[in-house]
There are 2 protein chains.
Amino acid sequence: MATLVRRLHRFSPGADLTPLNHAFQQLRSLDRDEPVWRHKSEDHPVLVLESGFAYSFTLYPDGRRHIGDMFGPGALCGFGSAAVAEEGLNLAFKSGSRVTVFDAARLADALHEKPELELLFKQDGDARARRTAQRNRGLISLPAAEKLALVLLDLREELSLATDPGEWLPLPLTLRELGDLTGLTDVHVSRTLKKLQTDGMLERRGKRFRMGDTAALESALDYRHFYYG
Amino acid sequence: MATLVRRLHRFSPGADLTPLNHAFQQLRSLDRDEPVWRHKSEDHPVLVLESGFAYSFTLYPDGRRHIGDMFGPGALCGFGSAAVAEEGLNLAFKSGSRVTVFDAARLADALHEKPELELLFKQDGDARARRTAQRNRGLISLPAAEKLALVLLDLREELSLATDPGEWLPLPLTLRELGDLTGLTDVHVSRTLKKLQTDGMLERRGKRFRMGDTAALESALDYRHFYYG
DNA sequence: CGGTGCTTTGAAGCCTATCAACAAAAGTGG
DNA sequence: CCACTTTTGTTGATAGGCTTCAAAGCACCG
């Protein structure tokens with residue numbers, strides 16, 4: 001639960017989050033990539049990613065997969081205003097992730113009793129919805145190199161919200177998953193990342209990466225931050 | 001206000017919407033295409049499109065324009081969960097549109113007093129957010145012909161929510177605007193629409209269009225409806 | 001050790017953008 | 001209402017971007 005606390009404290013550093021303890025159910029570790037299929041019923045538990053990585057996806061009739069959002073440490077997976085848009089949300093947790101499970105009904109009670117806590121959850125959800133909208137905008141109208149740069153900036157932010165990952169960030173997605181996120185093929189993702197590297201915007205070492213002049217990149221792509229702190 | 005009433009009655013046909021009268025400010029007619037620039041302050045009036053057409057857009061540093069959402073008769077423009085995602089929303093009203101203006105504070109009071117009315121506004125906003133997510137998903141991962149078919153299906157739904165536009169629907173967007181919506185160039189939009197016509201999926205007469213087998217198209221694109229009625 | 005999935009590279013071809021020219025339509029001002 | 005200007009839509013030629021198909025290297029794991 002520590003990562004969720006750190007994420008929410010970005011909006012209000014001193015906020016008391018102990019009421020969340022009443023809704024705590026369990027801490028699960030996921031040994032391998034594991035999809036969680038969600039249907040439309042309302043009483044799903046609320047999942048918070050403690051460590052690792054996860055993403056939400058939808059499948060097209062022809063078998064293609066689209067990744068709609070991604071979750072780093074401390075993320076509320078499929079909750080709040082960001083999740084409203086995704087009906088029948090499917091979640092995939094990458095191998096090694098740890099997840100805190102909250103009881104939905106008791107969490108709702110806790111939020112209802114403490115309006116300042118509810119506000120934090122709302123702010124977090126709204127910030128996520130804005131980031132998703134910003135990402136989608138670029139993924140619709142930019143060429144491949146910019147699409148990937150945008151996604152990497154966003155990934156960098158997601159990974160930095162609850163923990164300090166250091167200079168070299170993990171790249172928890174395969175090239176195929178980056179393709180499903182950007183609408184590109186894995187082959188073209190590979191070529192485009194290579195081009196970003198020769199242009200000095202990106203360094204890669206195995207499953208880690210480091211970005212070049214992020215400030216310049218952010219202003220070129222009009223990338224905005226919606227979290228404070 | 002009649003079109004808003006018809007739209008909200010899709011969720012609850014008998015709902016009493018008279019409390020909205022207290023928040024009514026004025027009815028404006030817009031003679032020509034008119035952008036409404038919104039900044040971050042909170043007390044903007046709430047705009048409901050009475051007739052005509054509008055869309056929200058953002059501008060990139062290089063001058064490119066991205067259209068993020070579109071509004072037909074009865075639409076709440078830039079309000080609720082669908083609008084949270086779009087910070088610094090800009091609205092463009094097409095020539096000839098009529099807009100009902102509501103006072104934001106008094107509208108909030110009216111909704112707070114009548115929870116069933118607030119629920120209707122929330123349902124409308126959620127349905128719009130889902131439609132936007134569905135559209136964005138396709139605009140990221142589908143080829144041009146499917147992108148345009150998807151946008152036309154969505155446009156058809158938007159135009160049918162508050163009024164019955166008949167078999168031949170108005171096409172209130174220029175090809176450039178369709179391009180800004182889909183991430184394609186106007187030239188390619190022109191060519192792709194022509195191809196859709198020769199394939200029998202689309203007919204055009206001036207600024208009106210009619211779609212072929214919409215049921216088949218919807219199932220091929222996995223298009224879903226989020227409004228009831 | 002083989003198997004499996006991930007990544008890279010090459011070659012070929014389709015898809016989409018760009019540039020340019022023109023036709024058609026719509027707005028503007030007399 | 002007409003002449004004028006501006007915008008919108010269409011078409012062709014060309015170039016570049018992206019996908020597809022195929023093959024091979026690599027890392028990881030049983």
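Naming: A, B, ... by sequence-line order, numbering from 1 per chain. As the structure is a prediction and not an experimental result, all values here were calculated from the model.
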Nearest-Å distance for atom pair CG/P, residues A:Leu196 and D:dG17: 14 Å
Protein-nucleotide distance (A:Asp186, atom CG; D:dC18, atom P), rounded to Å: 15 Å
Distance test, side-chain N/O of B:Arg204 to OP1/OP2 of D:dT10, below 4.0 Å: yes
Base D:dG9 paired with B:Arg191 side chain (donor-acceptor, <3.5 Å): no
Length of the NZ-C1' vector between A:Lys94 and C:dC6, whole Å: 11 Å
Heavy-atom closest contact (B:Asp69 atom, B:Arg135 atom, distance): OD1-NH2, 3.3 Å
Presence of A:Lys194 side-chain N/O under 4.0 Å of C:dT9 phosphate oxygens OP1/OP2: yes
Residue A:Leu184, side-chain heavy atoms: nucleotide from C:dC19, C:dT16, D:dC18 that is nearest: D:dC18
Sugar-phosphate only, base, or nothing, as touched by B:Gly183 at under 4.0 Å among non-hydrogen atoms: sugar-phosphate
Nucleotide nearest B:Ser190 when distance is taken to its side chain, options D:dT11, D:dT19, C:dT16: D:dT11
Phosphate OP1/OP2 of D:dA27 contacted by A:Lys207 side-chain N/O (<4.0 Å): no
Residue that, paired with B:Leu196, satisfies side-chain contact (heavy atoms from CB on, under 4.5 Å) out of B:Glu146, B:Arg204, B:Met201: B:Met201
A:Arg137 side-chain N/O to B:Thr58 backbone N/O, donor-acceptor pair under 3.5 Å: no
For atom CD of B:Glu177 and atom C1' of D:dG9, their distance in whole Å: 13 Å
Nearest non-hydrogen partners of B:Arg208 and B:Trp168, listed with the distance: NH1-O, 2.8 Å
Nearest-neighbour nucleotide for the B:Thr174 side chain, D:dC18, D:dG9, C:dT16 considered: D:dG9
Residue whose closest nucleotide on DNA chain C lies nearer the 5' end, B:Val187 versus B:Lys195: B:Lys195
Separation of C:dA25 C1' from B:Leu175 CG (nearest whole Å): 13 Å
Whole-Å gap separating P (C:dC6) and CG (A:Leu178): 12 Å
Worked verdict on A:Leu153 versus A:His225 for side chain to side chain contact (heavy atoms under 4.5 Å, CB included): CA-CA 10 Å; A:Leu153 282 177; A:His225 296 271; over 6 Å; no
From C:dT18, C:dT7, C:dT16, nucleotide with atom closest to B:Thr185 side chain: C:dT18
A:His188 NE2 - C:dT16 C1' separation (whole Å): 12 Å
Protein-nucleotide distance (A:Leu173, atom CG; C:dG5, atom C1'), rounded to Å: 16 Å
Nearest-nucleotide comparison on DNA chain D, the residue closer to the 5′ end among A:Leu142 and B:Gln197: B:Gln197
